[in-house]
2 protein chains.
Amino acid sequence: MPIQRYSRQRERIYQVLQEGRCHPTAEMIYDKLKPSMPRLSLGTVYRNLQQMADEGYIRRLEGPSARFDAEVRPHSHLYCRRCGRMLDLPVPYDEALDRAAEESGCQVERHELVFEGICSACMGKDRDQAADAASDI
Amino acid sequence: MPIQRYSRQRERIYQVLQEGRCHPTAEMIYDKLKPSMPRLSLGTVYRNLQQMADEGYIRRLEGPSARFDAEVRPHSHLYCRRCGRMLDLPVPYDEALDRAAEESGCQVERHELVFEGICSACMGKDRDQAADAASDI
DNA sequence: TCTTTAATAGGAATTATTACTGTTTAGGAG
DNA sequence: CTCCTAAACAGTAATAATTCCTATTAAAGA
């Protein structure tokens, strides 16, 4: 995991993530490691998770803060990583997905489908300023 | 919208949600209404959004706090509303969904599929204590 | 071993959200 | 129409989640 430098803390954090299948929060990881690493700080956990997520070694689930929608009917969303907006997408709700998920013994009421990418508006801007294409917002 | 009682504040909050297609955060709604409702408080916005979401008049997107996963390969999740856990689900990643989403002119890199329901473990508990079935945790 | 600088610890600061308390008001009874 | 009561509000305090800041520690190349 060649991020920049090896660190005991990051290694242990990654271990915790690999061991349990529970998608722990930063705080859960902190609590788990604290006993064996008394000097560990919560900031370190957050920083390393962020870093590993940026590098693609782990995945970060869910967005930053809750958002709301007046449209109750299920529909999917696009999170534009360029402008940060959350847009509606006309991808139809596929109930078959729910039934497929229930194969594993759970009971599904609904699902949320969030795409990540660049919205059409931002794609347009890109075309105008092709020089920016390499920049990493 | 027969929640309990009519309130000007709730009406206006709902209006904002219907007008803009931007899935505003609670604070964005507050900022938008504050000029015309100088005594509006942020707590009122949060409370009414929560209330309307509970009643099903609006939808709340995204979960409570960020979680992390050591599994980088795309896979879907089940949020169990009973025990609050986020579990992996063996529903295969469907790249066709990304292509379908791009019909609208955006560029999609990946998607996140989160199911909501009751996990198999909690389903088991239900069977044991059928009396609780009616309770609303 | 020494040096350089990324990474850490610890705590302060920020942001998002909920909870609490006293005041206002919707809406039904008289 | 006026009065009453509980629901909803405003304002503020409290909590939770996350990031930022500064001095210190330590990885790893010379």
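Convention: sequence-line order gives letters A, B, ...; per-chain numbering from 1.
Contact annotation: A:Arg39 reaches the phosphate of C:dG10 (side-chain N/O to OP1 or OP2, under 4.0 Å). The side chain of A:Thr44 contributes an N or O atom lying less than 4.0 Å from OP1 or OP2 of C:dA9. Dashed line: the shortest gap from a side-chain N or O of A:Arg8 to OP1 or OP2 of D:dA27 is under 4.0 Å. In this structure, A:Gln9 reaches the C:dA9 phosphate: one of its side-chain N or O atoms is under 4.0 Å from OP1 or OP2.
Distance check: B:Lys32 NZ to B:Leu40 CG gives 14.0 Å after rounding to the nearest 0.5 Å. Taken to the nearest 0.5 Å, the CZ atom of A:Arg110 stands 5.0 Å off from the CD atom of B:Glu116.
Judged purely by atom type and a 3.5 angstrom limit, B:Tyr93 uses its side chain to pair as donor or acceptor with the backbone of B:His111.
Closest to the A:Tyr46 side chain, of the nucleotides D:dA10, C:dG10, D:dA17, is D:dA17. In this structure, of C:dA26, D:dG11, D:dA8, it is C:dA26 that holds the atom nearest to the side chain of B:Tyr6. With D:dA8, D:dA27, C:dA26 as the choices, the nucleotide that has an atom nearest any side-chain atom of B:Ser7 turns out to be D:dA8. For B:Glu27, the listed nucleotide lying nearest its side chain is C:dA16; candidates were C:dA16, C:dA9, D:dA10.
Regarding A:Leu40, its CG atom lies at a distance of 9 Å from the P atom of C:dG10, rounded to whole Å. Whole-Å rounding puts the A:Gln50 CD to D:dA17 P distance at 17 Å. The distance from atom CG of B:Asn48 to atom P of C:dA26 is 14 Å, rounded to the nearest whole Å. One atom, CD of A:Gln51, and another, P of D:dT19, lie 13 Å apart when rounded to the nearest Å. For the pair B:Met37 CE and D:dG11 C1', the computed distance is 16 Å after rounding to whole Å. Between the OH atom of A:Tyr30 and the P atom of D:dT19 there is a distance of 17 Å, given to the nearest Å.
Take B:Glu95 and apply the salt bridge (charged side-chain N to carboxylate O under 4.0 Å, His left out) test, not counting sequence neighbours, and it matches B:Arg99.
You'll find a donor-acceptor pair under 3.5 Å spanning the side chain of B:Arg5 and the base of D:dA6, going by distance alone.
Contacts of A:Leu42 with the nucleic acid, taken as non-hydrogen atoms under 4.0 Å apart, include base atoms.
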